[in-house]
J.: 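Please see the structure below; I have some questions.
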Amino acid sequence: SLMSGLEESLYALNWNNNISVAIITLVSYDYMLQFEKEVTFVWQRQRSIMTYMYLAVRYFGISIAMTCACWGGLFYIPETPCYAMFLFFEWSFSVYFCLAEVILILRLYALYNRSKPVLYVLLGLFLPVIALYIALDVFLWGRPSSISMHEIIITPNIKYCTGIFHIGPMPAIYVSIPIICYDIILLVLAVAVLVKHLKERNELRMRPNAYVVMIVRYHVIYFVLNLATQIFMAILWANLP
């Protein structure tokens, strides 16, 4: 039993380290790949609200990804700072997703010819989503009775920190449902604009606007990624491997 527990801990540590290296590699590669475009289309152009939003999401996202990659077993972190780092990137995830949602809302506002009713309705529906993110962070991540850190000691020189969940997945699932529904609304609005745009361009025998297609494509990608995040969070709370 002791050997089985040791092998399980070594497997978890190896899995964590492989994922951490993959995250650092992918984030670094993406940054180097996109840096030239960023300089051309962001840094060398006049600043706007969308420019600052883009920079906030991009660099805040990079910092979160690197923090997550370092958390766990790649570097030794004692229990107390380990828990603080865990809280940091869980709260940061919520802030990051809210910033990303604001960008999607502003893009839809532009696609709908700066329609004030569309903007006000989306912002009004977005306020409960923000409240849900805050409730999620306070109720699930912020309470030691819900999650705690534990230091796994394999040998005196091999230690790593891991999280232990103390409640089931249902609260996380209940919170994720309205968030996913809101993302579906944003996705449907974006696809509706694209369908209308393609129909109009087809009647005029013109090529679709590349920016409209790109914005809708990013809406779809964001929806898929956020849905995957919500599912992954529920799996974590279910204590599945």
Side-chain angles (χ1 to χ4, degrees), residues 30 34 37-38 40-62 64 90-138 172-234:
D30 176 75
Q34 301 295 330
K37 292 181 180 179
E38 180 182 319
T40 303
F41 296 106
V42 178
W43 294 107
Q44 294 181 354
R45 293 194 176 186
Q46 186 177 1
R47 300 288 188 271
S48 65
I49 295 178
M50 289 301 295
T51 301
Y52 292 116
M53 292 290 296
Y54 167 82
L55 293 174
V57 169
R58 177 165 172 78
Y59 285 96
F60 189 47
I62 290 174
I64 297 172
E90 288 301 337
W91 277 87
S92 297
F93 278 141
S94 298
V95 174
Y96 177 82
F97 281 119
C98 286
L99 289 174
E101 298 273 15
V102 170
I103 290 179
L104 296 182
I105 291 172
L106 292 177
R107 284 176 173 174
L108 283 174
Y109 172 61
L111 288 177
Y112 278 85
N113 298 318
R114 298 189 176 184
S115 170
K116 296 293 184 181
V118 170
L119 178 63
Y120 294 152
V121 169
L122 291 179
L123 289 177
L125 293 175
F126 185 50
L127 292 178
V129 172
I130 295 176
L132 285 172
Y133 273 120
I134 295 174
L136 181 70
D137 291 329
V138 172
I173 293 175
Y174 291 147
V175 171
S176 67
I177 290 174
I179 296 174
I180 292 173
C181 290
Y182 183 76
D183 288 336
I184 291 175
I185 293 174
L186 298 183
L187 180 64
V188 170
L189 289 174
V191 172
V193 170
L194 178 61
V195 171
K196 180 181 178 182
H197 175 74
L198 292 177
K199 184 178 178 180
E200 291 175 349
R201 289 297 177 118
N202 185 53
E203 291 175 352
L204 297 173
R205 296 186 179 181
M206 297 176 62
R207 297 184 63 180
N209 187 301
Y211 290 104
V212 174
V213 176
M214 180 185 66
I215 289 174
V216 176
R217 183 190 302 130
Y218 284 135
H219 267 75
V220 174
I221 293 174
Y222 174 81
F223 172 77
V224 172
L225 291 177
N226 198 20
L227 179 62
T229 301
Q230 300 297 333
I231 294 174
F232 179 70
M233 181 178 63

J.: Measuring from atom CG of Leu104 to atom CG of Leu111, what distance do you get when rounded to the nearest 0.5 angstrom?
T.: 10.5 Å
J.: Does atom OH of Tyr218 have more than 12 heavy-atom neighbours, drawn from other residues, nucleotides or ligands, at distances under 6.0 Å?
T.: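 Open: at most 12 neighbouring heavy atoms sit under 6.0 Å from OH of Tyr218.
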J.: Rounded to the nearest 0.5 Å, what separates atom CE in Met53 from atom CG in Leu99?
T.: 5.0 Å
J.: For the atom pair CG (Leu198) and CG (Asn209), what is the distance rounded to the nearest 0.5 Å?
T.: 10.5 Å
J.: Can you tell me how far CD1 of Ile185 sits from CZ of Phe223, rounded to the nearest 0.5 angstrom?
T.: 11.0 Å
J.: Starting at CD1 of Ile215, measure out to CG of Leu194 and round the result to the nearest 0.5 Å.
T.: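 So the CD1 of Ile215 and the CG of Leu194 are separated by 10.5 Å.
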J.: Identify which one of Ile105, Val118, Val102 satisfies the side chain to side chain contact (heavy atoms under 4.5 Å, CB included) criterion when paired with Leu123.
T.: Ile105
J.: Please name the pair of heavy atoms, one in Pro178 and one in Leu132, separated by the smallest distance, quoted to 0.1 Å.
T.: CB-CD1, 3.5 Å
J.: Donor-acceptor pair, Asn113 side chain versus Ser115 backbone, under 3.5 Å?
T.: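 Side chain of Asn113 to backbone of Ser115, a donor-acceptor pair under 3.5 Å: no, none is there.
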J.: Would you check if Leu125 and Val129 make a side-chain contact, meaning some heavy-atom pair closer than 4.5 Å?
T.: no
J.: Got a second to check how far Tyr133's OH is from Trp91's CH2, nearest 0.5 Å?
T.: 13.0 Å
J.: Return yes if some donor-acceptor pair links the side-chain N/O of Arg201 with the main-chain N/O of Arg207 below 3.5 Å, else return no.
T.: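 At least one qualifying donor-acceptor pair exists.
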J.: So, applying side chain to side chain contact (heavy atoms under 4.5 Å, CB included) with Ile134, which one of Leu136, Val138, Asp137 is it?
T.: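 Answer after filtering Leu136, Val138, Asp137: Val138.
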J.: Please say whether more than 12 non-hydrogen atoms of neighbouring residues, nucleotides or ligands are located less than 6.0 Å from OH in Tyr59.
T.: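 Atom OH in Tyr59 is crowded, with more than 12 foreign heavy atoms closer than 6.0 Å.
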J.: Would you call Leu108 and His219 a side-chain contact if the rule is heavy atoms closer than 4.5 Å?
T.: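 Heavy-atom side-chain distance check passes, below 4.5 Å.
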J.: Give the table of side-chain donor-acceptor pairs shorter than 3.5 Å for residues 40-48, with sequence neighbours excluded, one pair per line with atom names and distance.
T.:
residue: Thr40; atom: OG1; partner: Glu36; partner atom: O; Å: 3.0
residue: Trp43; atom: NE1; partner: Glu38; partner atom: OE2; Å: 2.8
residue: Arg47; atom: NH1; partner: Val42; partner atom: O; Å: 3.4
residue: Arg47; atom: NH1; partner: Trp43; partner atom: O; Å: 3.2
residue: Arg47; atom: NH1; partner: Arg45; partner atom: O; Å: 3.1
residue: Ser48; atom: OG; partner: Thr51; partner atom: N; Å: 3.3
residue: Ser48; atom: OG; partner: Thr51; partner atom: OG1; Å: 3.1

J.: With a 4.5 Å heavy-atom cut-off, do Tyr222 and Asp183 have their side chains touching?
T.: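 Yes, at least one pair of side-chain atoms sits under 4.5 Å.
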J.: Take Leu189 and Leu122 through the side-chain contact (heavy atoms from CB on, under 4.5 Å) test and state the conclusion after the steps.
T.: CA-CA 10 Å; Leu189 289 174; Leu122 291 179; 3.7 Å; yes
J.: Give the ring-plane orientation class for Tyr96 versus Phe60, where under 30° counts as parallel, over 60° as perpendicular and anything between as tilted.
T.: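 The rings of Tyr96 and Phe60 sit tilted, inter-plane angle from 30° to 60°.
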J.: Can you establish whether the number of heavy atoms outside Ile221 located under 6.0 Å from its atom CD1 is more than 12?
T.: yes
J.: Is there side-chain contact between Cys98 and Phe126, with at least one heavy-atom pair below 4.5 Å?
T.: yes
J.: When you compare the side chain of Arg107 with that of Val212, does any pair of heavy atoms fall below 4.5 Å?
T.: no
J.: Any side-chain heavy atom of Glu101 within less than 4.5 Å of one from Leu186?
T.: yes
J.: Which atom names give the shortest non-hydrogen contact between Pro208 and Val213, and what distance separates them?
T.: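 Scanning both residues, the minimum pair turns out to be CB-CG2, 4.0 Å.
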